[in-house]
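What follows is a short report on a single structure.
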Amino acid sequence: MQTLTKILLTVHKSALAVITLLILVKSIFHLSSGYDFLWYHLPRGLLVFNLTDFEPSPYTKTIIDSFPPLADWTIGFLVYSTGWMNTANTVNLLGAGIALFSIWRLHRDNKNINWVVFLTMIYGIPHFVLHLSTGYVDLFGAAGLLMAFSALVKIKYAGHLDPESLFWFLLGIGIACLSRFQALPVCAVLILVFTLVLFREKLASPRKIIGLFLVATLIAGIWPIRNTVKYGNPTYPYRPPFISKFIQFEVKRSTEREPSIQSPERLSHLPNFFLFLISAFEINRFLTNEGEDWKPGQTQYKWHHAQWADKGERNIHFRMGGWSIFTISILFWLFALLLFKYRRIDEISIGIIIIFILIGLLPHSNELRYFMAFPLMLSFYLVFSWGILSSRTRQIGSVLLFLSMCYTVVESKIYHIDFNDIEDLASQEIRDVWQKYEISGEGKVICVPNSVHNGILYTGPDLNSYPVVSRDYCHSVIVESSS
């Protein structure tokens, strides 16, 4: 029996090694063609370091100026420091790497943390493995929240407030809130739990606790405060959730793109929380579009880094899912055992429940990529508490998690690697414009319509060869006088 166990563990570790290698290779050599990456993440990062001759549209400029900037700046820095455009794609790999390093630093003396189980858990989350090889910045922000959460767990269960834990907690809060607006509500809960733990465990004087609360709140609120001062709205150009029902805020709507409800039309009548539950547990897998017959294993549902689906809002799977029906169900089963069988009810576990409920009440909570920090934090909490579970539960959980991970890897197709660059992303139309500018473009600019999301590609193979502007009066791509 021991020999069989060793063989299975070797297979398990080998699978993790192969998956990790695939993720590393794809992150480094596969340049993302994602919509938001080419629309504003990459242009914003390159513009900060003066690495592109691209002038975005007016609304895109608003996005660039008002959205939290850290992840996009990191994209620009990666390209600037290496001189290689593909490194822009590694922003999430960098964020995840820093988060995992912080966990190792904080919990290196804890022999009960099973890294094999932890990696199996997070590799079973489709959004995690998919975003590691895209230029979307949701995982970068989620990595900050995971960092802060692991530090909070260390402070709570170690029973003292050490400088290193405090450093990683505050750094994680800063990374998250300076990367994504959606991190703010989760950070608010983490800061409140942090403060409550310090008070209840008497880990510092009341004056110091209040001071740390204010410092953490200030770090989390730097960008919303800046936007409030500049625009009169902390989450400009969008309305902030909850408080906008009572206070009128300045907003700006795009005239360049069609508005979208960002959820399936057939489900849009549901309250946010119910739509969130359907998405979180992928109940939409069992729903069909018109003209489809549902059969087990033949659903039209697919995982995608932005949960895009053919026909957009008319598709029942549009913007739904991404945590895996299998992985999230296993995680909640284990969490329920900790709560009800082993009575692991404290500030941390209650905080996890509050975060889950809070996410469900937020706008667009069905778009789980914005909130992938939740399954990552839940996974860490479970692996931190792994030793509390019975041996049989750990064995069953490990097997189920391994099978779920394998399913996620196969269905996410992370083994499909395109060794591409900017020239590979450029269509023939874009290449023709490059050629036209080479022949007769001196002293002119390339003008692209505002609705073109990948306008930056027109600037050339290095994204800095030809001047490009995005304007509403350009109904098609033209080369015009720069005056």
Side-chain angles (χ1 to χ4, degrees), residues 36 41 44-45 66-75 77 91-103 105-106 122 125 127-128 131-132 134-155 164-195 212-227 234-235 238 240-241 322-323 348 351-352 354-356 358-359 362-365 367-381:
D36 288 2
H41 292 311
R44 184 187 204 179
S66 57
F67 275 23
L70 182 60
D72 294 339
W73 290 353
T74 303
I75 289 173
F77 177 76
V91 60
N92 290 313
L93 184 67
L94 175 65
I98 294 173
L100 293 176
F101 174 76
S102 73
I103 292 173
R105 281 290 306 174
L106 290 167
I122 62 178
I125 302 166
H127 271 325
F128 179 78
H131 278 250
L132 280 169
T134 72
Y136 281 50
V137 302
D138 306 284
L139 178 52
F140 190 87
L145 291 173
L146 176 60
M147 194 184 304
F149 180 77
S150 70
L152 179 56
V153 169
K154 168 73 179 297
I155 293 168
E164 186 175 17
S165 296
L166 180 60
F167 166 76
W168 287 112
F169 178 78
L170 295 177
L171 180 63
I173 292 291
I175 289 174
C177 292
L178 282 171
S179 299
R180 269 301 188 190
F181 282 136
Q182 289 87 350
L184 288 167
V186 179
C187 278
V189 176
L190 293 181
I191 291 171
L192 289 174
V193 173
F194 168 75
T195 307
L212 290 174
F213 170 79
L214 293 175
V215 169
T217 302
L218 179 62
I219 291 173
I222 286 176
W223 201 254
I225 292 171
R226 176 260 189 194
N227 274 1
T235 57
Y238 305 126
W323 288 355
I348 304 295
I352 290 172
I354 291 173
I355 288 172
F356 183 77
L358 179 61
I359 289 173
L362 294 172
H364 307 303
S365 57
E367 295 191 74
L368 301 181
R369 67 184 176 96
Y370 296 137
F371 308 104
M372 75 174 84
F374 176 80
L376 297 179
M377 292 188 296
L378 179 58
S379 296
F380 177 74
Y381 181 71

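Values in this document were obtained by computation on a predicted structure and should not be read as measured data. Note: hydrogens, waters and symmetry copies are ignored here, and every other heavy atom, side chains too, is used.
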> Do Leu171 and Met147 come within less than 4.5 Å of each other through their side chains, counting heavy atoms only?
Replying inline: yes
> Shortest non-hydrogen contact from Leu145 to Ala373?
Replying inline: CD1-CB, 3.4 Å
> How about Thr134 and Asn92: do any of their side-chain heavy atoms sit closer than 4.5 Å?
Replying inline: yes
>> Just to verify, which of His131, Arg369, Arg180 counts as forming a side chain to side chain contact (heavy atoms under 4.5 Å, CB included) with Leu139?
In response: His131
>> Would you say that Trp168 contacts Ile98 through its side chain, given a criterion of any heavy-atom pair below 4.5 Å between the two side chains?
In response: yes
>> Consider side chain to side chain contact (heavy atoms under 4.5 Å, CB included). Of Pro234, Ser179, Cys177, Pro69, which one does Trp223 pass it with?
In response: Pro69
> Looking at side-chain heavy atoms only, is the closest gap between Leu106 and Ser165 below 4.5 Å?
Replying inline: yes
> Is there a side-chain contact between Ile355 and Phe149, using heavy atoms and a 4.5 Å cut-off?
Replying inline: no
> Nearest heavy-atom pair of Ile173 and Cys187: which atoms, and what distance?
Replying inline: CD1-SG, 3.6 Å
> Among Pro240, Pro224, Pro68, which residue meets the side chain to side chain contact (heavy atoms under 4.5 Å, CB included) test with Leu184?
Replying inline: Pro224
>> What I'd like to find out is whether the side chain of Val186 reaches to under 4.5 Å of the side chain of Met377, using heavy atoms alone.
In response: yes
>> Just verifying a value: how many Å separate Leu190 CG and Ile352 CD1, rounded to the nearest 0.5 Å?
In response: 9.5 Å
> Looking at side-chain heavy atoms only, is the closest gap between Asp138 and His127 below 4.5 Å?
Replying inline: no
>> Rounded at 0.5 Å granularity, tell me how far CD1 in Ile219 sits from CG in Leu178.
In response: 9.5 Å
> What do the steps show when you test Ser365 against Phe371 for side-chain contact (heavy atoms from CB on, under 4.5 Å), and what is the final call?
Replying inline: CA-CA 8 Å; Ser365 57; Phe371 308 104; 4.3 Å; yes
> Just how far is it from atom NE2 of His41 to atom CZ of Phe140, taken to the nearest 0.5 Å?
Replying inline: 12.0 Å
> Distance from Phe374 atom CZ to Ile125 atom CD1, nearest 0.5 Å?
Replying inline: 10.0 Å
>> Once you measure the plane-to-plane angle for Trp323 and Phe356, does it fall in the parallel (<30°), tilted (30-60°) or perpendicular (>60°) bin?
In response: tilted
> Got a second to check how far Leu378's CG is from Tyr381's OH, nearest 0.5 Å?
Replying inline: 9.5 Å
